[in-house]
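Below is one structure, written out as structure tokens; the observations come after it.
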Amino acid sequence: MQEAYQPAAIEADAQAFWETAGTFRAVEDPSRLKYYCLSMFPYPSGRLHMGHVRNYTIGDVLSRFMRMQGRNVLQPMGWDAFGLPAENAAMANHVPPAQWTDDNIANMKRQLKALGFGIDWQRELATCKPDYYRWNQWFFLRMLEKGIAYNKTGTVNWDPVDQTVLANEQVIDGRGWRTGALIEKREIPMYYLAITQYAEELLGDVQGLEGWPERVRIMQANWIGKSEGLNIAFPYSLGGERHVLRVFTTRADTVMGVTFMAVAAEHPLATHAAKTNATLAAFIEECKRGSVMEADMATMEKKGVPTGLTVEHPLTGAAIPVWVGNYVLMGYGEGAVMGVPGHDQRDFEFANKYGIDIQQVIDVDGQPYSTEQWQPWYGEYGLCVNSGAYNGLNYEQTIDAVVASLHERQLGAKQVQWRLRDWGISRQRYWGCPIPIIHCDACGVVPVPDQDLPVLLPDDLVPDGSGSPLNKLDSFIKCVCPTCQKPARRETDTMDTFVDSSWYFLRFASAHNGQAMVDERVNYWLPVDQYIGGIEHAILHLLYSRFWTKVMRDLGLTTLREPFANLLTQGMVRNSIYFRKPASGRIVYFNPTEVTVDTDDKGAPIGARLKADGEPVEIGGIGTMSKSKNNGVDPQSFIDRYGADTARLFMMFAAPPELSLDWSDEGAEGASRFIKRLWKAVHAHVNGPAVTPMATDRLNDAERDLRRLAHQTLAKVTDDIGRRRVFNTAIAAVMELLNAITRFDRAEPQAAAITQEALEIAVLSLSPVVPHVCHALWSALGHERAIIDEPWPVVDPTALTQAAMELMIQINGKLRSKITVAVGTDEASIREAALSDATARRFIGEATVRKVIVVPGKLVNVVVA
RNA sequence: GCGCGGGUGGCGGAACUGGUAGACGCCCGGGACUUAAAAUCCCGUGCCGCAAGGCGUGCGGGUUCGAUUCCCGCCCCGCGCACCA
């Protein structure tokens with residue numbers, strides 16, 4: 001073995017070995033227990049970033065660990081290759097998105113290989129390739145047949161200058177990112193997937209996903225948002241006809257306090273009233289500008305204009321004025337809400353602003369009510385007051401009575417309402433999967449027949465920002481109606497890229513099947529045993545994938561109910577931010593590599609200077625690595641300098657996987673140092689005295705201590721990786737073991753045998769994290785078989801036994817002393833030993849001992865007064 | 001605004017089920033080796049205090065023999081909010 005640790009050679013050698021042996025090729029084998037380990041596939045942006053390195057290292061550690069545990073492991077990789085960045089790059093460089101994407105995939109694949117991930121590359125897929133996206137189209141047609149896919153209008157951001165639809169991220173402060181034009185909302189026809197038909201099952205099943213983080217389950221449940229309430233109809237007359245305005249409410253106990261109604265700007269009532277009301281028409285126009293985003297809707301100023309129309313209160317017949325509110329969403333319920341300013345904070349503020357009547361109709365413990373100032377209790381449940389027949393009733397009683405009255409008048413009933421909305425999948429963009437529809441003047445909307453699939457996306461276009469280039473491409477648009485054979489137009493909208501990522505995990509298990517979307521191999525591999533990805537995907541991607549999986553089951557393609565048995569949501573990778581803010585002009589950010597940090601004599605930072613000019617820069621705290629803050633660290637240059645193992649080790653050591661991880665050059669340096677120390681320890685050992693068979697019954701204290709520590713470490717690593725899914729503490733434990741090995745006296749009689757065992761445990765324990773160096777060290781330790789093919793080692797329980805243990809002594813809960821007792825000492829003796837301990841007696845003094853609490857194996861607490 | 005997390009030394013973090021707060025690593029300080037420096041190795045390192053001891057897990061309260069851990073109220077930071085992926 002070489003004396004110096006040389007990562008480049010070691011890593012190339014290990015990777016060549018795995019490649020030649022086909023180590024990571026996954027083959028279905030019903031006789032073996034499988035382990036499907038999946039990391040979220042990347043968008044092929046061109047270069048790996050540290051978030052990818054972290055994500056894929058976690059997956060690789062688990063995959064290698066499980067492989068050594070005897071599982072048949074599948075770890076695939078693919079490319080989420082459709083989407084907006086390719087179009088933006090195309091515009092900037094005049095290169096077709098297809099070519100840009102292919103180049104990026106080649107580059108990132110090379111980087112992934114250099115990191116040594118145990119991926120079965122034979123199953124690689126890219127969602128922008130027809131052999132993948134044809135099945136999006138095929139399945140869309142099946143959903144259309146079942147009524148799960150359907151057409152209705154939806155709201156989009158319209159840039160009136162470029163005459164194009166913009167994504168939310170392309171709208172900045174209400175203006176188009178390229179044109180600066182004020183953005184308008186526009187209603188256009190779109191295809192939707194009826195995810196709300198699955199709301200009940202999606203909600204019910206998410207509670208049972210015990211392998212998912214609790215917080216993700218809660219977020220999903222809240223997103224689906226089941227609420228049980230009442231649908232109430234407010235009648236009105238218009239043009240001599242009777243109509244009703246329907247609202248949904250969970251607070252029907254406050255219905256006697258309704259003093260106004262609010263409808264969305266797009267509501268038919270608003271449109272009708274605006275015909276004769278210029279102020280209202282102008283307000284509706286104002287509402288049409290502005291954002292379609294929920295966060296903006298929730299934070300903007302609540303405004304309204306009266307329509308001049310009234311509806312009748314369903315229980316009292318009183319006339320209720322109807323307003324148009326900019327905060328009412330057409331897409332939620334029927335685009336109308338009832339206003340109860342007495343007991344809803346938003347309505348209270350609205351009513352105060354516009355001088356609308358405020359009525360108290362709920363009393364909570366007789367507290368005084370004032371319309372001047374909102375109090376939190378106004379929104380709580382209580383007893384009805386000022387509510388006629390309902391006075392004195394509690395919430396449940398009132399609901400029952402109101403339901404009965406409304407039912408009698410046929411003006412309302414109980415209703416379950418979902419926050420979840422159907423999934424709009426139409427995108428007015430080029431670089432996506434074409435929606436397989438043909439528009440025929442004679443036959444209307446005609447699905448593309450299965451035998452004509454896939455509808456190929458032309459791959460040589462370059463968008464110019466003025467809408468989808470497909471709209472201008474006759475060779476794509478012009479087609480023949482499959483029904484009547486007359487000339488027809490092809491649909492130019494493409495699918496949301498969430499469609500692509502909603503089933504790729506199934507395709508990995510059915511790789512390269514040209515005849516079917518999925519096949520029986522899915523039954524072997526699925527569900528995914530461990531899914532790993534960023535917390536930012538906790539809701540949408542995971543919910544859509546769960547939905548898609550259930551639809552595939554209902555259409556008979558699989559029997560799978562849930563796709564992901566266990567989920568690990570990894571935190572962000574962050575780094576320091578440095579900037580200068582010139583007196584005029586915008587902030588300039590400096591990459592941390594360009595900056596020197598000055599510290600005081602305790603190492604606390606007191607300032608920072610730019611290396612280039614030595615002048616100070618501002619310290620902007622710490623934030624997620626991003627282009628805009630110029631605080632990214634390029635994995636490639638790091639790997640070139642330190643090697644893949646060091647990158648992997650630092651990523652796994654610096655923080656537990658679920659928390660955000662702060663990059664640190666010094667910390668990475670420490671990781672490198674540890675690998676060198678390990679290398680050195682093995683080198684010293686194999687060049688020392690020959691290993692003789694270990695006589696475990698003749699070990700001295702030092703030998704027994706090191707052997708116990710080695711097996712304790714193994715037990716901890718096995719539990720940390722296997723059960724707790726944390727790696728930083730596992731690595732810390734091996735560091736402690738290595739420290740002990742280094743300190744261990746080589747003159748001890750059985751030193752070589754004990755050291756051999758301890759080093760083997762250290763190397764095996766670390767091999768999932770730093771596989772290349774462990775591959776080399778294992779062979780240096782004298783093994784023929786490659787470490788990746790070794791079974792995970794087993795703890796020897798006899799190595800763990802101990803004769804004595806230390807107990808803490810507390811007086812009134814404060815740590816005061818320690819005693820050492822033999823293992824197995826009975827409680828009475830422990831109590832006596834504690835009370836007779838000199839230090840303890842000093843603290844007890846003259847006080848009376850009230851109580852002695854003995855916690856076995858931990859401590860004794862003496863309560864005195 | 002709403003939903004969900006997080007907050008522990010100079011820094012990243014550990015403490016898994018209410019029982020030794022600060023494992024491990026970084027930084028910093030001291031020493032060894034060296035002509036010298038780097039690298040490496042050894043020692044120290046929560047804060048205050050000469051010490052005895054006191055204080056200490058974002059802030060304020062509570063439960064408990066005992067709270068980083070449980071409960072209530074607040075502050076700050078991060079993620080998501082349906083067309084970024």
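Numbered from 1 within each chain, the chains take letters A, B, ... in sequence-line order.
Contacts of A:W423 with the nucleic acid, taken as non-hydrogen atoms under 4.0 Å apart, are absent. Residue-level contact check: A:L420 touches the bases, meaning some heavy atom is under 4.0 Å from a base atom. Nucleic acid contact class of A:R725 (heavy atoms, under 4.0 Å, all strands): none. Heavy atoms of A:A654 sit under 4.0 angstrom from primed sugar atoms or phosphate atoms, though from no base atom. Using a 4.0 Å heavy-atom criterion, one finds that A:M293 contacts the sugar-phosphate atoms exclusively.
Between A:R816 and B:G54, a side-chain N or O to OP1/OP2 separation shorter than 4.0 Å is present. Within the 4.0 Å cut-off from OP1 or OP2 of B:G80, not a single side-chain nitrogen or oxygen of A:R419 is found. Contact between the side-chain N/O atoms of A:K716 and the OP1/OP2 oxygens of B:A14 is not found at any separation under 4.0 Å. For the pair A:R346 and B:C2, the criterion of a side-chain N or O lying under 4.0 Å from OP1 or OP2 is not met. OP1 or OP2 of B:C84 has not a single side-chain nitrogen or oxygen of A:R427 nearer than 4.0 Å. Between A:S664 and B:C27 there is no side-chain polar atom (N or O) within less than 4.0 angstrom of OP1 or OP2. The side chain of A:N728 places an N or O atom within less than 4.0 Å of a non-bridging phosphate oxygen (OP1 or OP2) of B:A14.
Under the side chain to side chain donor-acceptor pair (under 3.5 Å) criterion, A:K680 pairs with no residue at all, not counting sequence neighbours.
Atom C1' of nucleotide B:C84 and atom CE of A:M495 are separated by 20 Å, given to the nearest angstrom. Distance CE (A:M735) to C1' (B:G12): 12 Å, rounded to an integer number of Å. Distance A:R217 CZ to B:G80 C1': 19 Å, rounded to the nearest Å. Whole-Å rounding puts the A:N168 CG to B:C84 P distance at 5 Å. Atom pair A:F653:CZ and B:A23:C1' shows a separation of 10 Å (rounding to whole Å applied). Rounded to whole Å, atom C1' of B:G78 lies 12 Å from atom CE of A:M219. Straight-line distance from the CG atom of A:L649 to the P atom of B:G25: 12 Å, rounded to whole Å.
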Quiz prompt | A:T164/A:Q428 under side-chain hydrogen bond (donor to acceptor under 3.5 Å, both in side chains): CA gap, chis, key distance, verdict | solution = CA-CA 8 Å; A:T164 190; A:Q428 298 69 44; over 6 Å; no
Self-check item: Chi angles and distances behind the side-chain hydrogen bond (donor to acceptor under 3.5 Å, both in side chains) call for A:R178, A:Q170
Solution: CA-CA 8 Å; A:R178 284 159 51 83; A:Q170 296 174 316; over 6 Å; no
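In terms of modelled atom types and a separation under 3.5 Å, the side chain of A:Y578 and the main chain of A:V597 share no donor-acceptor contact.
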What are the atom names and distances for every N/O pair under 3.5 Å that joins the protein to nucleotides 43-49 of chain B?
none

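If you check the side chains of A:D80 and A:S501, you find no donor sitting under 3.5 Å from an acceptor. Side-chain N/O atoms of A:D662 and A:N575 include no donor and acceptor closer than 3.5 Å.
Here B:G9 is in the syn range [glycosidic angle within 90° of 0].
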